[in-house]
2 protein chains.
Amino acid sequence: MARLDIDSELLEFLASGRFRPGDRLPTISELQGEELLGISTSKVREQLEVARSLGLVEVRAGMGMRLRDWRFTPAVRLALFFALAMDEGNFELFSELRQHIELAFWDEACVLLDEDDLAALEDCMARARAKLDDEEWIQIPNQEHREFHLGIFRHLQNPFVTGLLEAYWDAYDAIEINRYADYDYLQTVWDYHGRILKAIRAGDFEAAREHFRKHTELLRYPPRRQRVSVTGENALTGVAG
Amino acid sequence: MARLDIDSELLEFLASGRFRPGDRLPTISELQGEELLGISTSKVREQLEVARSLGLVEVRAGMGMRLRDWRFTPAVRLALFFALAMDEGNFELFSELRQHIELAFWDEACVLLDEDDLAALEDCMARARAKLDDEEWIQIPNQEHREFHLGIFRHLQNPFVTGLLEAYWDAYDAIEINRYADYDYLQTVWDYHGRILKAIRAGDFEAAREHFRKHTELLRYPPRRQRVSVTGENALTGVAG
DNA sequence: GCCCTGCGATTAATCAGATAAATCCGATTA
DNA sequence: TAATCGGATTTATCTGATTAATCGCAGGGC
């Protein structure tokens, strides 16, 4: 696999189309045999770990291995993790890409939303509002933020687009958590979400798209850069910060 | 690393920021030690293979290992390889994404082109024309096609965008080679390239963008679906087809 | 008849260690 | 000076052993 920079008997084997998602794969000892891969345990396991990191195979001790559905997200997530490790400024660049992608596929995604989807989005908004309006303990609705935006693209049948968006929100959880925890700012953001949803419901996708554009520009240039201390664990690494 | 689906001492170690691109990493035996990773050879090598597949480390026998610049391309390329292995129809979906991305970042990329870049693009075009006009043996200028489009985005400082585009052209080489080898069609495509370049030179990026849009739609719905047999080796896998 | 327990088979997980191959660097030599 | 050789370093690959997780079946208690 010249262009892949890796030569992996296992990856070639999996790419051969011999198996479909859900299929059980041969055991490691079987794979070692000359008639399959013809490499040692350690080599198989090295390549297996690569396949696992891509979300291609699910492997559990005692149970064997299964081929999983291919998904774009794991690879992007992995790459993005290191992009952020090398330079957190990369998040801005990825955000820019994300904004353009959502804008480009906006209408295509919106027309696929049915009544149930809109109801789910409204419920998501209500939960976000409740978190913000809790007088005792204001919580930042990051989970709802993710849910809202991914919800819009729920039915888009382009795994590359949805994969990039999912990876974006993983990274968002990881590094943006509590970052712009300004009450007025968050209220404004969710006002925009309300307008977006309202416009979608009215079938005016273009207006919704415009609200989205303004909303992301707000995110990029937040009114106050009041950065609160980040406590708790890092959502991407699971390591306490 | 909860969200990464992998827990890798090595990846955490590399992400810790202890090393910069170009730095030599500790040897495998050193990494094994309790004071660094505290895992066995095979485990180190499994995780090393993942890092290598992402293009994060360069490892050569007898020389040791170096941390490389982070790049988005390897991860995307790897994921895309399997996307195509599972279903070649995925290429269409990725093409769609690619078109939108190029459109979205078009102007931003064009303003960064200087005289040398334009000259290089013109040279690229001339070479493509020469291949097409060779009366003895018409060659399909896939290499020039790649060079032309990537050349437009050469100076764009967004590694995610350029990474996705590079991966696209790798896949294009792999599965589209000689696919639409229709002479008139290719002439039309390169006519569009000429118009794109002319418009860029005139500073009319919007017109150039429109030419690009038409050109990609031509690609998506080629006038004749005359599919010629694919011979030679698969550019992605290096395996003869 | 049903549930619980425990045993054995299967399979992945991890480790230790040996050998081979690649590379580098300094000493030797013509 | 330049070419060559040899040893040290480091990765590459393999073998085999032990541990841990899971499953399925048989047996026993109710």
Side-chain angles (χ1 to χ4, degrees), chain A residues 1-14 18-69 74 78 237-238, chain B residues 1-14 18-69 74 78 237-238:
Chain A
M1 303 195 195
R3 302 226 174 212
L4 285 180
D5 281 335
I6 63 170
D7 60 329
S8 166
E9 289 85 358
L10 176 65
L11 291 188
E12 281 192 46
F13 181 71
L14 294 181
R18 230 171 302 212
F19 303 95
R20 313 219 123 268
D23 287 356
R24 177 154 184 192
L25 300 174
T27 68
I28 293 182
S29 347
E30 286 167 359
L31 286 171
Q32 277 182 252
E34 197 60 48
E35 61 276 12
L36 291 185
L37 306 188
I39 51 182
S40 67
T41 312
S42 23
K43 216 85 206 18
V44 171
R45 292 194 61 80
E46 284 171 17
Q47 302 179 1
L48 205 49
E49 201 62 20
V50 174
R52 217 164 67 86
S53 76
L54 295 171
L56 274 171
V57 299
E58 183 187 0
V59 40
R60 285 164 59 194
M63 289 206 54
M65 307 179 284
R66 285 186 177 283
L67 190 61
R68 295 175 54 167
D69 276 323
L78 207 46
T237 64
Chain B
M1 303 192 192
R3 303 222 174 218
L4 286 180
D5 281 335
I6 64 169
D7 61 327
S8 165
E9 289 85 358
L10 176 65
L11 292 188
E12 281 192 45
F13 180 73
L14 294 180
R18 231 170 299 211
F19 303 95
R20 315 218 121 270
D23 286 356
R24 176 152 185 196
L25 300 174
T27 67
I28 292 181
S29 349
E30 285 166 357
L31 286 172
Q32 279 182 252
E34 197 59 49
E35 60 277 8
L36 290 185
L37 305 188
I39 50 181
S40 67
T41 313
S42 16
K43 215 87 205 17
V44 171
R45 291 194 61 80
E46 284 171 18
Q47 302 179 4
L48 206 50
E49 201 62 18
V50 174
R52 218 165 67 86
S53 76
L54 295 171
L56 274 171
V57 299
E58 182 186 0
V59 39
R60 284 165 59 192
M63 290 205 55
M65 307 180 282
R66 287 188 177 280
L67 190 61
R68 295 175 53 166
D69 277 323
L78 206 46
T237 63

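Naming convention: chains lettered A, B, ... in sequence-line order (proteins, then strands); numbering from 1 in each chain. Being a predicted model, the structure only gives us computed values, none of them experimental.
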Checklist entry - A:T41 side chain: which of D:dT15, D:dC23, C:dC15 is closest? => result D:dT15

Checklist entry - Are B:Q32 and B:T41 close enough that a side-chain donor and a side-chain acceptor fall under 3.5 Å? => result yes

Checklist entry - Counting N and O atoms only, with roles assigned by atom type, does the side chain of B:Q47 sit under 3.5 Å from a partner on the main chain of B:L10, one being a donor and the other an acceptor? => result yes

Checklist outcome for this item: Result for 5'-nearest mapping on DNA chain D, choosing between B:M65 and A:A61, is B:M65

Item to check | Length of the line joining A:L31:CG and C:dT10:P, which is rounded to integer Å | outcome: 17 Å

Checklist entry - Roughly, in whole Å, what's the span from CZ in B:R60 to C1' in D:dT9? => result 14 Å

Checklist entry - Does B:K43 or A:R24 map to a spot on DNA chain C nearer the 5' end, using the closest nucleotide for each? => result A:R24

Item to check | Nucleotide nearest A:S40 when distance is taken to its side chain, options D:dC23, D:dT15, C:dT23 | outcome: D:dT15

Next on the checklist: Tell me the interatomic distance from B:Q47, atom CD, to C:dC15, atom P, rounded to whole angstroms.
Outcome noted: 10 Å

Next on the checklist: Measure CZ/A:R52 against C1'/C:dT11 and give the value in whole Å, please.
Outcome noted: 15 Å

Next on the checklist: By the 4.0 Å heavy-atom rule, please label A:T27 as base, sugar-phosphate, or nothing.
Outcome noted: sugar-phosphate

Checklist entry - Rounded to the nearest Å, what distance is computed from the CG atom of residue B:L25 to the P atom of nucleotide D:dT11? => result 9 Å

Item to check | Protein-nucleotide distance (B:Q32, atom CD; D:dT9, atom P), rounded to Å | outcome: 17 Å

Item to check | From C:dA22, C:dC15, C:dA13, nucleotide with atom closest to B:I39 side chain | outcome: C:dC15

Next on the checklist: Quick check on DNA chain C: between A:S42 and A:G62, whose nearest nucleotide comes earlier from the 5' end?
Outcome noted: A:G62

Next on the checklist: Between A:E46 and B:R45, does any NZ, NE, NH1 or NH2 come within less than 4.0 Å of an OD or OE carboxylate oxygen?
Outcome noted: yes

Item to check | Nearest-angstrom distance from the residue atom CD1 of B:I28 to P of D:dC14 | outcome: 15 Å

Next on the checklist: Using only atom types and a distance under 3.5 Å, with no angle test, would you say the side chain of A:E12 pairs donor to acceptor with the backbone of A:E9?
Outcome noted: no

Next on the checklist: Under 4.0 Å, heavy atoms only, any strand: does B:R45 hit a base, just the sugar-phosphate, or nothing?
Outcome noted: base

Checklist entry - Would you say the side chain of B:L54 lies within less than 4.5 Å of the side chain of B:P74, judging by non-hydrogen atoms? => result no

Checklist outcome for this item: Quick note, B:M63 side chain, CB onward, closest among D:dT11, C:dC24, D:dT13 is C:dC24

